[in-house]
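Heads up, the thing below is written out as structure tokens.
A quick note: this is a predicted structure, and the numbers were derived from the prediction, not measured.
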Amino acid sequence: MDLQEIRKQLDVIDRQIVDLYEKRMGLCRDVAEYKISVGKPVYDGEREKQKLEAVRQAADEEYRQGAEELFAQLMTISRRLQYRLLAEHGQTFESGFEKIDRIPVENARVVYQGVEGAYSHQAAMEYFGEDADVFHVRTWEEAMQAVEEGKADYGVLPIENSSAGAVSDNYDLLIKYHNCIVAEIFLPVKHALLGVPGADLEQIHTVFSHPQALMQCSEYLNSHREWSQISVENTAVAAKKVLEEKDPSQAAVASETAAKLYGLSVLKSGINYNKNNVTRFIVVAKDRVYQKDAAKVSICFELPHRSGTLYNMLSNFIYNNVNMRMIQSRPIPGRNWEYRFFVDIEGRLDEPAVANALKGVFEEAANVRILGNY
């Protein structure tokens, strides 16, 4: 056969495949109607496993992998249809969150990690105002504890930097504590090298800062191989340490705001290699609320350690035309090579597309949590 004849036969087969697909989806609709009537869940993992194994055995060895992938996709599409039909029958997704007009910030008590002059302090001032009632704690975990225990109404924590990436420890804290993200703040970061008054660059031997700040300034710092780099809790702690020890051989990587606050000299400004460096901070609260103009949903979930499980999960967003903004993975403690995924999607919890996508995630994944809508 020549190419044109082959293509004609392919067109005929493709038309048959479309007809069979439509018939199959019609039967899937009948399955959904039955499940709705008896209250049976859409996802039946054991049934799908048996079906895929049957498909593998039915196909020639050369085509087994492809056949399995094809039918896995067909069943995924079938589930999405069934979730949509459930919603049309009033079985909507209940998020457990309350929609409010705005996040109340008046007379709020706000906690951040570090000391005055830290970037977390600046982020708190940016969102809550210069006159906000703020206090600081030593660690990010203590900040989360303060919110969960009601000692603070809100907590401000860094979650991601445009140069250094995710603040992994704080993703873990979002799981450990049940506070919810209610807002985010994007704070431009401009690091400077600070020393005691009268010091100069030639005297410096040791530089203190937060690990991510050191990473963000690595290009400049590594050009001075004679300098030792030592990590501390945050940038403002580094500045305070240099001030208190009054050693001209010590310097801190911190903001120029910290320099003014602690009376230090700016030995070199703008030392971060990415001049568009921005840190994203989250505002967490105890109450499960979201503003009526919220535009981003953060969730986390765990998956079995099997090929294709992440793809199947993300197809919930694809099928419902929900845009994914970010995905991060973190190892699950005590379970080697298994991971917890953190995902940000666009939208609001009361939007049908978002609700349908999340219903699929909740049915098919393990230990799913909505971390916030903001």
Side-chain angles (χ1 to χ4, degrees), residues 17-52 54-55 70-101 180 287-304 308-325 341 343-374:
I17 290 173
V18 171
D19 290 341
L20 290 171
Y21 168 76
E22 291 176 347
K23 290 178 181 177
R24 192 182 199 283
M25 293 304 288
L27 291 171
C28 290
R29 184 180 292 271
D30 293 340
V31 170
E33 297 288 351
Y34 172 78
K35 288 182 177 179
I36 290 168
S37 68
V38 300
K40 190 175 180 180
V42 167
Y43 182 58
D44 186 343
E46 187 58 34
R47 163 67 178 164
E48 291 197 6
K49 183 178 177 181
Q50 293 171 358
K51 182 68 176 178
L52 291 176
V55 167
L70 173 62
F71 274 80
Q73 184 66 13
L74 280 173
M75 287 187 283
T76 297
I77 294 170
S78 167
R79 290 198 303 274
R80 307 300 169 255
L81 171 66
Q82 292 180 52
Y83 292 139
R84 193 186 75 204
L85 292 174
L86 284 172
E88 290 174 359
H89 282 75
Q91 296 186 31
T92 55
F93 173 73
E94 295 296 334
S95 68
F97 280 69
E98 178 188 358
K99 182 166 71 173
I100 59 177
D101 289 338
C180 299
D287 295 334
R288 297 166 65 84
V289 297
Y290 65 97
Q291 288 192 157
K292 62 182 181 181
D293 60 350
K296 182 190 291 185
V297 179
S298 293
I299 66 171
C300 67
F301 53 82
E302 299 171 13
L303 293 176
T309 53
L310 179 59
Y311 172 79
N312 289 338
M313 195 57 51
L314 298 184
S315 68
N316 285 289
F317 307 126
I318 298 169
Y319 185 84
N320 287 285
N321 293 317
V322 174
N323 189 40
M324 186 173 70
R325 297 280 294 273
F341 293 90
V343 173
D344 289 348
I345 59 174
E346 292 179 356
R348 206 174 55 243
L349 289 171
D350 60 348
E351 293 174 348
V354 173
N356 285 346
L358 291 179
K359 185 173 183 62
V361 173
F362 268 78
E363 284 217 16
E364 297 166 28
N367 299 322
V368 187
R369 268 181 55 190
I370 299 173
L371 301 174
N373 189 193
Y374 49 98

Taking only distance into account, with no hydrogens and no angle test, what donor-acceptor pairs under 3.5 Å do side-chain atoms of residues 18-25 form with protein atoms, sequence neighbours excluded?
unit_1 : atom_1 : unit_2 : atom_2 : d
Asp19  : OD1    : Arg15  : NE     : 3.3
Asp19  : OD1    : Arg15  : NH2    : 2.8

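In this structure, Tyr83 and Val42 approach most closely via the heavy-atom pair CE2-CB, 3.4 Å. Closest approach of Phe97 to Cys180, counting heavy atoms only: CZ-SG, 3.8 Å. For the pair Ala357 and Val322, the tightest heavy-atom approach, listed with the atom from each and the gap, is CB-CG2, 4.4 Å.
Residues meeting the ring-ring contact (aromatic ring centres under 6.0 Å, His included) test with Tyr374, sequence neighbours left out: none. Remark: Arg29 engages no residue in a salt bridge (charged side-chain N to carboxylate O under 4.0 Å, His left out) (not counting sequence neighbours). Partners of Asn312 by side chain to side chain contact (heavy atoms under 4.5 Å, CB included), not counting sequence neighbours, listed by chain and number: Thr76, Arg79.
A 4.5 Å side-chain heavy-atom check between Asn367 and Arg369 finds every atom pair outside the cut-off. Under the 4.5 Å side-chain criterion, counting only non-hydrogen atoms from C-beta, Leu52 is in contact with Met75. At a threshold of 4.5 Å between non-hydrogen side-chain atoms, the residues Phe317 and Leu314 count as touching. Within the 4.5 Å cutoff, the side chain of Tyr43 has no heavy atoms near those of the Gln82 side chain.
Residue pairs meeting the salt bridge (Lys or Arg N to Asp or Glu O under 4.0 Å) criterion with at least one partner in residues 33-47, sequence neighbours excluded, are absent. Here salt bridge (Lys or Arg N to Asp or Glu O under 4.0 Å) pairs that include residues 348-358, with residues two or more places apart or in two chains, are Lys99-Asp350, Arg348-Asp350, Arg348-Glu351.
Here the straight-line distance linking atom CZ of Phe301 with atom OG1 of Thr309 works out to 9.0 Å at 0.5 Å rounding.
With Arg288 contributing its side chain and Ser95 its backbone, the two residues share a donor-acceptor pair below 3.5 Å. Asn373 contributes no side-chain N or O that, together with a main-chain N or O of Tyr290, makes up a donor-acceptor pair within less than 3.5 Å. A donor-acceptor pair under 3.5 Å links the side-chain atoms of Asn316 to the main chain of Met313, judged by distance alone.
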